[in-house]
Amino acid sequence: MDFDFSPIFDNWGFLAQGLWITIELSVATMVAATLVGIALGLGRIYGPAWLRVPLTFYVDSMRAIPVLVVLVWTFFAFPLLTGITLPPFWAALAALTLHIAAFVSEILRAGLASIRPGQVRAARALGMSGAQIVRKILFPQAVVRMLPAYGSLLSVTIKDTAIASVIAVPELMRQSETISAQTFRPIEVFTTAMLVYFLILFPVTRAVEAFYRRVAHLGRS
Amino acid sequence: MASALTSRRKNADQPPVVLYDKVVKRFGALTVLNGVSAQVNKGEVVCLIGPSGSGKSTLLRCTNALEIADGGRVVFEGQPLPKTEAELRHVRRRMGMVFQNFELFPHMTALENVACGPITILGTDPAEARAKAQALLEKVGLGAKAGNHPSALSGGQQQRVAIARALAMDPDVMLFDEPTSALDPETIGEVLNVMKRLAEEGMTMVVVTHEMSFARRVANWVLVFDEGRVIEEGSPVQIFDAPTHARTQSFLSHLGWNG
Amino acid sequence: MTLDWNVVWQYRADLAHGVLLTIALTVATMAIAVPGGIVVMLMRQSHVRAVSWAGTVFVEFFRNVPLILLVYWAFYVLPILADVQFSAFATGLVAMCLNVSAYNAETFRAGVNSIRKGQLEAAMAMGMSRSQAMRKVILPQATRRILPVLASTWVSLFKDTSLVSVIAVGELAHTALQIRSQTFRVLEMLTAMAAIYWALGYPQAKLVDWIHRKYGVTE
């Protein structure tokens, strides 16, 4: 059982490119999913009934279908349906955004619901309008309360980008597969990939927890 | 304090049930108990009063080793508190503790709460333990609530169940940690009445409390705490009607106590 | 573009088999990962420094690497580590058990820690030993808090079984993709795959919501 880590050093540029794509895809997904998710969430809470029902259906469906299935469908089936071909990165971005946005909207809904009704009553007693209450009282507290779940969603997103390898997005996982197949050193390559992911994800999780601990008191009513 | 005063205490001729010998307790840089010496005689009701943070609750928790003293000794029935957890467990069985937040077990009914100590710890026959639990609940006036869960009981009722639970172990001393501080004013009375009856039956009790009228009427001895020390001790009459220490006087007047 | 949905009906037996394997993998993983999670949680509470450290490393590592990578890694490492040929199913099972045990250990730990310290003190003040207090007072209460989280983990696990398709385990995703390759009925098979997962997952998600409502604890 001999280990040879030299293929990793020989190809580190190739792998680093993969890491860059992973980061790009993760950040782009989080940004897009947050925007879409907030819109979805607000639509579900404050929207008219004809909007709420399909949105709820969409969110619950994304909880039921695996990410892999959404990715594969977006890349292979969507073009057949609409004639629009999406390059792998964009297909992955679209699929991941659709999937993650559903969870963002759920987190928003739970965050707003967890604020004590007394807060709204107090604001109304002061004479604030509905929109002011949402903007100044509900939203800031909800944001703080959402942080832990949102932070773990960030972690999930980074891990889900690895699944994009199945539609040939050249992120870290895919690049690792390529090198491993070329050099016949799967153990060394995949072990290194696992360490790299761990070294990214572990600090992210810890940083979110630490940040939340600092600001948690702002959301406690 | 003058030995003439202490020798007039109840059962002063017998060895004390609890003896505190220069007890010291620190939490980090904060010294919460700064050499507390006192004793609790058999059948006495000793009340600990004083401002918040003066160390009263900490001393109580050192008594049954929920906190371990950093210096000095706690002597229970002639023996210093043991060091190992296994031996401490045996000692704790002979003390009953009642908490400010009741701490009833929410997943058990009132009856099960009271019976669980004897069944689990003493190995009592379950039927016998439950019969005894029912009797204890009736004693505190809650026989009809035996099948209720704590969530269905008021604060005062929960605290009375908690007292019954502590009594179920047949303790030699009952420790009360601000038993009425978390209660609505209407329900404080029902708990204090149970405690008063317990005292009349001769139970040795150490009570940390803010209820001055209870201390005045029921206590045999009062310890006044301030900043980790006992600044004054004496009979209730002496402490409440003629306090000698300046801090005691200001503490009592701040409570709006005018005798 | 002509669509032939008949292909789904034609291959219904294979798809049904794939579903069964998905369910089997989910059940088997949970059956191992619940006791596994308890073991790791107990390790983390151990007074022996090396043991508690090992437990913490286990939890932090397997929660912070992508499952799909773990599946691949297991596929290549297990034969060498154990000197035995593992079936693809067993390999996938090992990877999933490691992953879910780590999550469960954290769930159990959070559940136990969420019980107020006063409950433990009240039990100990009566003279209960620590293990008696855990058994009679803490764990019965913690179970109520752990159940909803465990239910959510179950649903995630069910979806994650799709990832072992990459090492050719014949669960639903792999089966559907195989049929797609053989028949070239891409849109039909991929949509059918999504629909079957939806049909299985939607009720589960709703059940989890119900469990959260029924057992959820608000302090």
Side-chain angles (χ1 to χ4, degrees), chain A residues 1 22 57 59-81 83 110 114 152 155-156 158-166 171-173 176-177 180 184-206, chain C residues 1 3 22 60-77 79-81 83 99 152 155-156 158-166 172-174 176-177 180 185-206 208-209 212 218:
Chain A
M1 198 168 59
T22 294
F57 177 79
V59 169
D60 285 338
S61 300
M62 283 299 153
R63 288 170 64 200
I65 305 177
V67 178
L68 175 70
V69 173
V70 179
L71 271 166
V72 166
W73 195 94
T74 310
F75 187 63
F76 291 111
F78 180 77
L80 294 177
L81 201 62
S114 75
S152 81
S155 184
V156 166
I158 298 175
K159 285 186 267 185
D160 280 353
T161 59
I163 308 177
S165 59
V166 308
E171 43 68 58
L172 179 58
M173 173 83 192
S176 305
E177 283 176 67
S180 142
F184 301 101
R185 291 266 158 212
I187 299 180
E188 292 89 326
V189 174
F190 287 128
T191 306
T192 309
M194 289 218 292
L195 282 169
V196 172
Y197 273 108
F198 179 75
L199 288 171
I200 300 174
L201 285 164
F202 185 71
V204 164
T205 318
R206 284 274 171 269
Chain C
M1 176 184 63
L3 289 179
T22 296
E60 293 301 335
F61 187 74
F62 288 109
R63 287 199 319 153
N64 282 310
V65 294
L67 181 54
I68 190 172
L69 180 51
L70 191 58
V71 168
Y72 266 110
W73 185 86
F75 185 70
Y76 289 109
V77 167
I80 303 199
L81 216 61
D83 213 15
N99 178 272
S152 295
V155 174
S156 294
F158 188 84
K159 293 189 289 175
D160 286 345
T161 56
S162 59
L163 296 176
V164 305
S165 60
V166 301
L172 176 57
H174 185 255
L177 293 171
R180 170 201 64 161
R185 294 272 142 218
V186 177
L187 184 59
E188 295 91 322
M189 282 317 299
L190 293 185
T191 309
M193 176 172 68
I196 299 175
Y197 270 111
W198 184 94
L200 294 168
Y202 198 90
Q204 289 185 59
K206 283 301 171 201
V208 169
D209 282 344
H212 270 272
T218 36

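Chain letters run A, B, ... following the sequence lines, proteins first, then strands; residues in each count from 1.
- Among the candidates A:L201, A:I163, A:V189, the residue making the largest number of heavy-atom pairs closer than 4.5 Å to chain C is A:L201.
- Ranked by heavy-atom pairs under 4.5 Å with chain C, the list A:V72, A:V196, A:L195 is led by A:V72.
- Scored by the side-chain contact (heavy atoms from CB on, under 4.5 Å) test, C:V65 finds A:M194, A:F198, C:F61 as partners (sequence neighbours excluded).
- Here the shortest heavy-atom pairing between C:V186 and A:L80 reads CB-CD1, 3.6 Å.
- Electrostatic pairing of C:D160 and A:K159 does not count as a salt bridge here, judged by no charged N lying under 4.0 Å from a carboxylate O.
- Summarising the geometry of C:L69 relative to A:Y197, their closest heavy-atom pair is CD2-CD1, 3.4 Å, with the distance given to 0.1 Å.
- Chosen from C:V166, C:T191, C:V155, C:V208, the residue pairing most often with chain A at heavy-atom distances under 4.5 Å is C:T191.
- No other option in A:V166, A:T161, A:I187 has as many heavy-atom pairs under 4.5 Å with chain C as A:I187.
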Residues 192-204 of chain C, side-chain donor-acceptor partners within the protein, below 3.5 Å, at least two apart:
from   : atom 1 : to     : atom 2 : distance (Å)
C:Y197 : OH     : C:E171 : OE1    : 3.3
C:Y197 : OH     : C:A173 : N      : 3.4
C:W198 : NE1    : A:S61  : OG     : 2.8
C:Q204 : OE1    : C:W154 : NE1    : 2.8
C:Q204 : NE2    : C:L200 : O      : 3.2

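- To the nearest 0.5 Å, the span separating OG on C:S152 from CZ on A:R63 amounts to 7.5 Å.
- The structure places CG of A:L81 at 5.5 Å from CG of C:L187, a figure rounded to the nearest 0.5 Å.
- In terms of non-hydrogen atom pairs under 4.5 Å with chain C, the most contact-rich of A:T191, A:L199, A:V204, A:L172 is A:T191.
- C:I68 CD1 to A:S165 OG: the interatomic distance, rounded to the nearest 0.5 Å, is 4.0 Å.
- Surrounding CZ of C:F75 are at most 12 heavy atoms belonging to other residues, nucleotides or ligands under 6.0 Å away.
- Put simply, OG on A:S180 and CH2 on C:W73 are 13.5 Å apart, with the number rounded to the nearest 0.5 Å.
- Proximity of a side-chain donor or acceptor of C:K159 to a complementary backbone N or O of A:L68 within less than 3.5 Å is not detected.
- The contact between C:S165 and chain A is made entirely by side chain atoms (from C-beta outward), counting heavy-atom distances below 4.5 Å.
- C:R63 has its side chain out of reach of A:F202: every pair of non-hydrogen atoms, C-beta onward, lies at least 4.5 Å apart.
- With rounding to the nearest 0.5 angstrom, the CG atom of C:L67 is 10.0 Å from the CG atom of A:D160.
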